[in-house]
Each structure stands twice: as C-alpha cells, then as structure tokens.
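First the structure, in the form of structure tokens, and then the observations on it.
Each chain gets a letter, A, B and so on, in the order its sequence line appears, and its residues count up from 1. These values consider heavy atoms only, across backbone and side chains, with no hydrogens, waters or symmetry-generated copies.
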Amino acid sequence: MNTPSSFSLDHLNPEQQQAVVKTSGALLVIAGAGSGKTRVITSRIAYLISECNVPPQSIVALTFTNKAAKEMKERITKLISSESTLPFVGTFHSYCLLLLRKYKAFTGVETFTIIDSEDQKALLKRILEKFGLEKQIATNQIQHAISCLKNQMHKQLLGYGKQQIIEQVNHEYEREKKAGNLLDFDDLIVKVLELFKTNSHFKEEFQRKVKHVLIDEYQDTNSMQHTLLKEMTLSSPGVISAHSICAVGDEDQSIYSWRGAQVENIRSFKNDFAPVETIKIEQNYRSAEPILKAANHVIAHNRNRTPKELWSDKKAHKRILVATCSNGYQEADIIAQALTSLPPSISLGQCAILYRTHAQTRVFEEIFMRSGIAYAIIGGIRFYERKEIKDILAFLRLIQNPHDKISLLRILNVPQRGLGEKVETILIEEWDKYTHFTFTQLLEHLITQSGLLGLSRSHTNGLSELKKIFINLTPSRSISELYEIILSDSAYIQYLAKEYEQEEFRSKSENLRELFQSISFFEKQFNENKTKESSETALAAFLNEIALLQEKIEDDSGEQKMVKLMTLHSAKGLEFDFVVIAGLEETILPSSKSLESREDIEEERRLFYVGITRAREYLLITRALARSTYGQKNAQDASRFLGELPEKEIIHIDASSMFPSQINSTLRSWLENTYSNQKSSYQTIFAPDIQPHFAQANQRGSIQQYVHPHSKKPSFQKITLEKLAPKNGFPSTKMLSSGNIAKPQNLTPSNSIPPEWQKNSRVFHPIFGSGIVLSSSLKAENKYLVTVAFPEGEKTILSTFLQPYE
DNA sequence: GGGTGTCGGATTTTT
DNA sequence: TCCGACACCC
C-alpha cells in the first residue's frame, strides 16, 4: 500500500486524507455541511483503485438519488485513469435491481415490472374498493402503512389502530403483485434482503466479490437499508467480511425521518460494525464565517445530537439580515428588491429562495413577474410522473408485458373510447378468472362473450378500438416506431388537444417531445453498445432503465440565469452565493404539524440549519407579521428559531415600519458590504474550479421576463409585459426539472405571423418530428395554418399542434 | 359514461 | 384560496 504515490492527496485536508487512506475496517465519516463530503467519497474510491489496486468490481458505492450518483461518477472518472472501469455507483434501489437481475435464478422473481408509487396507490385503491374498505382508511394512509410494515416501523404503524384492515389489504396487495409480476420500490430491497437471508450460497459468493462498500448520507438510511448493509458486509453478526465499510453522514442534516430515515442508524453503525473509526470533518469551505456561526448556534439547541462545530476561514461580517415584514407581499417585495440590488460579484442564478411549503411560492411568483425577475421553481411533479408520459409508457409497458394490469387499466379509456367503470369491473373480474390470458386475449374474450357478460354494443366497439391500436405494435419494432404508432393510432395528440387548454396542451406535447428525444437517444446508445450475449430487447432495456428514474436527466441550461425557488428539503446538497429563507414563523417553520413533539421540532430546526448552511456569502431571513393562509388572514408569531440566532452576527430590520426608500437603501448598503476575505486559502490554493461564479459578470442586465403558465392573472400580466417586454422577442426556453416551464409570452399582434411560424423556422410535431416551415397564414386568433416540410413530406398543420424547435 | 357542481382538506420527497 | 375527490344529473 505504500508504493510510490501516483495518487495525490494534496487536494485534501488532514481529516479528509485520513478518511481516504483508511482502507480497512469500518469507518464512519461525520462530514459537516460544506465540508467536502463528495470529495472524500470520490477520492476514496479513486485511491482504492489507483493506489491500492483494488479491482473496481469489488467496490460498491450507494447513494439515495440518481443525481448524487451521477455527480459522483463524473468526479471519479476525472480522478482515475481512463483504462480503469468504474465501480458500481448508484442508488440503493438500482443496486438491488441489478442484483435481482443478475441472480434471478435464485430469487423466484424471474421477470418483473417495477411499479412506482402512483401505480402502487392505484392498485391499493382498487383493493380497498374490492373489500369495500375505502371509507375506513384513506389510500394514502394504507400506502404509508404498508411501507411501514416493510420497514418494521411498528411505532408509526400502531398509530393507525387499524391493524386488521392493513393486514388484509397488504395480503391482497402482495397477491396482486405476485400475480402480475410486479415489484414496488420497497420490494427491490426486500427481495434482495430475502436473497441474503435465505441463500447462503449467494451471500458467500457476494461477499467474496464485494470487498469495499461506501454509503452516502447515512443519516437518511431506513432500517431496511441498514440491514442490507449488514447482509452485504457481515458474514455473521459482528464479523466483518468486507475489507472496508465507509459510511458518510451528518446527523444535523437528517430531515427525512417522516419517510422512514433513522438517524439512529449512525449510532447502530458503530455497534454493528465495531470496531469503528470515526472521523469528524468540521472545516467548511462554503460559507462565510458569520453564516457558519449562526448555523452552529442554531443547531446547538438540539438536544439529541453529538456536538460538532463547523469552522471556516472565510472571514466576513454583517452577512445575515433578518427582516420583519408586515405581510407576505412585503416579504416578497423585499426579496425582489434584494435580488435587484445584488453586488456585481453575485449573479441571479447563484441565488435561491428557500421555504418550508410549496404554498409559499405563489406570492413570490406574482411579485417576481411584476419585477421582471427570472425565476425557476425547482421540485414539484417529476417528469416520469406526468400523466402524458405515464400514458404513453403504459402502452409501451403493455407491449413488453402483456399481463400488466395496471398499465391496461390506465389506458383502457385513454383516450376516451366509452369504456368506463362498468367495463373496468367486468374486465378485472374476467382477468381474475383467466389469469393466463394476455391483455389482447382478454379483450378478444370480452368482445366475443359480450352478450354473456352484459356488455353493450358501444362497449364492444370501444374494446375493438383499443385492440386495434395494438395490431401494429409488435415488440420487434424499434421504440421510436412504437412511440409514433401509439401516438397516431390512439389519436393521443388529438385527445390532448381536446382535453386541455392551449397552454397546458402545449406543455404536455412538449413533454412528449422530450420523451421522444430521450427514446431516440436511448436507442442510439443501445444500438452502439449492443452486446451479443444480451438478448434483452431495446424496449425491455428502456423500460428497465427508466423504471427507477423519476426525473429525467436534467438539462438545466435554461435555469442558469434564474433565481431558484425551492423547499428547504430540495435545497439539501446545494449551495448558493445568496440564500433567502422565507417565512420564519411559528406554524410555517417550525411547521404547525411539528409543534407537538420535541423530536419533530428538532427536525424542523435541522431543516433551518440545512437552509442556513446553503449560503456562501449572504443570508436573508424573512418573516411576516400577518399572512393569508387558505384565504384567511392570520397574525403570525415569530419563529422560535429566530431567537436562537447569535445576536451579534445579525442585522435586524423592521420593514413593517419603514418607508420603501429606507428599506431599499438598507438592503443596498447591506449587500454592498463586500467580501473582506473573498478568497479563502482553500479556494485559492486547492480549488480554482469553484471560483468562476464569484468572477461572473453581473447578469441582471439580461433579466428576462417569464410568464408562468399557471398564472391566473392574465390582465395583470399584460400590463407588466408591455412595460417589460424585451425588444427582440424572447430567449429560448427550456423545460425545467420541475416542469414549471418558463414560457415566452407571445407579444406579436394577432394579425401578423409570429416568428416561430414564419417561413424557414424550425418546428416540431409530436408525430412527424421536426420540420421547416414553408408558409403560414392566420386561421383564427393566435392560430395559424402552417405548411411544414417534414422528413416524410409536406403537411399543413394548425399551429396549436406544433412547437417551435429550439 | 361523461359533464358539472359541492364539499373538504391542505408539510416535506426519493426510489 | 384553491385543488381534487365525489355525488348527482343528463
């Protein structure tokens, strides 16, 4: 191990180095916020490979999100030689999926389809209805209860006091999944645990192969995941079979206990993998010192924690401003003012507004629109959760797995073909009787037996119509062909156009276009990397690949110049020059649901802590004296957490009793307080790559006006748009991860042809693909007849069915 | 079976 | 206030 070093540890501080080079036994790294946690994990992996000659196949690194895994992979690639293969770096779920596929002969689940939580909910709802229990327990409750069952969270489970119902439903749920070869997300882990527990041959083979395990965000693990780690690395209780186990975590950032995460797992880790070496990394490279002091001060109020004190050599002063506002509108106003008073060193894209609940965004949107501040809302409905995406995927899934009941029920009447509740009930009954039927055989059966089953003429027509769609949908076709046939033969686009308003239709077809693009991209890659041994079809591979991807791989280029709005939860792991935490009021932060118990309050405090530690340079904390919630105006008490901030680091202003001009000048002078120690030694010496954002030119000059598609205030938009409209139309827009699409407002007078439909513009159609406009004419207000040259020929299409191609 | 009106409920999120 | 689930009517 002490061979001449080719792998440099120079970029690491002493604690980080220690965490990298301790390559045997169990290691617990307590890495504070901003202490270079990812750097430690990635360097450790690179060190194992480059320095200790550990074969990459024997290393496994587990994360919670695909995003974290992706980032790690990218960073490891840069650290190791190009000949080395990458070790497994991925989520718990994807790793389990991989094991289930690889060892399927041992598992008893040879083929399966993964259902997401929405599918799970739909299935549970059907079961509740079947038993007539829907009045007794809510679908959400039963969903949560079933997950608790699997996670052995009996404490939370007992609260329901509906043991019998839960067990009955769970039993049927398990039966249904087995019949349909379905696995939910939890099952992926459960099945692998079963495999370890029941098959000693598998366990031995596994432990012979996998020798180094790393786990990120250990404070977020649930009991199943902790058990999984034990199965992976212990040959018997207390006997470690792996060469090294490295858990990285920070109990102060545990904010997911409500979904089963157990901070106690950090403590259990010390017992279960004893002897454990613990390394604390407390130097923070992110935040200016006053911000860290505030974070330390606040989190020290939590009783249930091991003391830890972050420190930074980024000296500065007066970096935290606490503003008391009269109401939510003034709060948003002040934030907008601060954003327009940024020093040149901070760009809008390096700012974030964090809040406890999504409901708080509405006021921000309204004010930001009026102020012409470009914003992006992060979070919300994810790509693969969207109805239009799930509908098309349901068709694809049925082609792949003709027994997939969930998918059939999803598209039974989508687009509408007169197959309602009655047909659905009969269909389910009949399929229960003839379980071996494929869905096409079942449809055929329903049509031929329609008389006996009490189905009407319109029912059989609908059923035939549905069956007809699948005639040309053969598994031998390419996915993109299938996609196009689905869209055209089911008349899906027409259905969307009929069902939704223009704006929503546009956004939905744009999502379909994105789906098409990701399909094409996948196919291209698949065909390039096709190996002869793998018999897996492109379709099967595609469906498998996206099963665990709720979010498509991000294209955040459009967001770069926008201020980000997100919940405190989604801010975890991110950092910004300027952070606003809004709504520091009792019942908001801490949330009203947490006021009862000390533990819940502590989690809210950690949430505040996570928010504070996102800030690099400036932190603005706001609260309102009154706020409208659910249409009711309420007086709001200051959050208890405000009193926990260190007084001498804080500037307080009472905006509710100040003139606007006073507020403005206060904000300006606060933000003019320049970096007194802009370049910490760390940034100068070790990490030039994290510098650029400080040096970026002020981009406020290019602030763009965006109109949120869901805004319900059209008249108000009009006024501001006329005032703020840039001369040359709008910049290109991109889908945001959240699906909140920042859209250019069409300002062209309705009697002339807008640029996107003018001759030679590139346009996209969900079925025909991309093409070039040949000519266009006005059809009705905001509707144009556009003649387009598509690869397959000229077509004249109503502009509502087209999108500008960007 | 699909459209319209009323009532109630309303943290946080990933896989 | 606002959104979704459900009930009721055509």
Side-chain angles (χ1 to χ4, degrees), chain A residues 62-69 90-97 114-121 125 129 134-135 138-140 144 147 150-151 183-190 217 220-222 224-225 254-261 328 354-363 378-385 412-413 415-425 455-456 458-459 462 498-499 546-551 566-573 583 587-595 600 603-604 606-608 610-611 627-634 710 712 737-738:
Chain A
L62 300 176
T63 65
F64 279 84
T65 63
N66 292 305
K67 196 176 159 196
T91 62
F92 277 95
H93 292 86
S94 63
Y95 189 59
C96 288
L97 178 61
I114 296 168
I115 56 171
D116 67 17
S117 31
E118 199 197 330
D119 297 334
Q120 181 187 40
K121 204 164 144 187
K125 193 175 173 198
E129 279 162 9
E134 67 268 33
K135 293 266 152 57
T139 322
N140 284 330
H144 184 235
S147 184
K150 285 186 187 156
N151 276 295
L183 293 184
D184 64 28
F185 288 138
D186 285 338
D187 288 334
L188 294 172
I189 294 171
V190 170
E217 308 273 22
D220 287 341
T221 51
N222 62 28
M224 284 193 298
Q225 288 155 337
S254 157
I255 53 175
Y256 286 112
S257 70
W258 49 274
R259 67 178 197 208
L354 313 181
Y355 38 79
R356 180 67 234 265
T357 69
H358 286 298
Q360 291 170 261
T361 57
R362 189 171 302 147
V363 191
I378 312 294
I381 312 170
R382 281 171 290 276
F383 188 71
Y384 287 104
E385 266 172 15
L412 183 64
N413 201 29
Q416 286 103 326
R417 45 184 83 87
L419 305 177
E421 206 181 332
K422 187 180 174 194
V423 182
E424 184 176 309
T425 314
L455 293 170
S456 73
S458 70
H459 292 151
K498 182 172 136 262
E499 209 65 7
I546 61 169
L548 293 177
L549 266 192
Q550 292 293 289
E551 195 55 83
M566 68 187 94
T567 62
L568 287 157
H569 282 92
S570 14
K572 192 170 162 202
T587 72
I588 295 185
L589 184 65
S591 124
S592 52
K593 312 247 166 156
S594 69
L595 302 174
D600 289 349
E603 182 144 321
E604 298 288 308
R606 289 193 291 268
L607 212 39
F608 185 39
V610 165
R627 196 181 283 276
S628 303
T629 26
Y630 311 140
Q632 209 106 69
K633 196 156 196 177
N634 293 314
H710 305 305
K712 295 272 147 65
S737 59
S738 57

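A salt bridge is defined here as a Lys NZ or Arg NE, NH1 or NH2 lying under 4.0 Å from an Asp or Glu carboxylate O, and A:Arg606 with A:Glu603 meets this definition. Residues A:Asp220 and A:Arg259 are not paired through a salt bridge, judged by the lack of any N-O separation under 4.0 Å between the basic side chain and the carboxylate.
Summarising the geometry, atom CG belonging to A:Asp187 is positioned 7.5 Å from atom CD1 belonging to A:Ile115; distances are rounded to the nearest 0.5 Å. Expressed to the nearest 0.5 Å, how far OG of A:Ser147 lies from CG of A:Asp184 amounts to 8.0 Å.
One atom, CD1 of A:Ile381, and another, P of C:dC3, lie 12 Å apart when rounded to the nearest Å. Straight-line distance from the NZ atom of A:Lys422 to the C1' atom of B:dG1: 11 Å, rounded to whole Å. One interatomic measurement links the two molecules: CZ of A:Arg417 to P of B:dG2, which rounds to 11 Å at whole-angstrom precision.
Below 30°, between 30° and 60°, or above 60°: for A:Tyr256 and A:His569 the angle between ring planes is between 30° and 60°, a tilted geometry.
With sequence neighbours excluded, the residues satisfying side chain to side chain contact (heavy atoms under 4.5 Å, CB included) with A:Ser117 are A:Gln120, A:Gln143.
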- Note on the structure: In B/S/- notation (B base, S sugar-phosphate only, - none; protein heavy atoms under 4.0 Å), nucleotides 8-15 of chain B written 5' to 3' is --BBBBBB

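Here the separation of B:dT12 from C:dC3, taken at their P atoms, is 15 Å to the nearest Å.
Using a 4.0 Å heavy-atom criterion, one finds that A:Lys125 contacts the sugar-phosphate atoms exclusively. Using a 4.0 Å heavy-atom distance criterion, A:Glu421 is classed as a sugar-phosphate-only contact.
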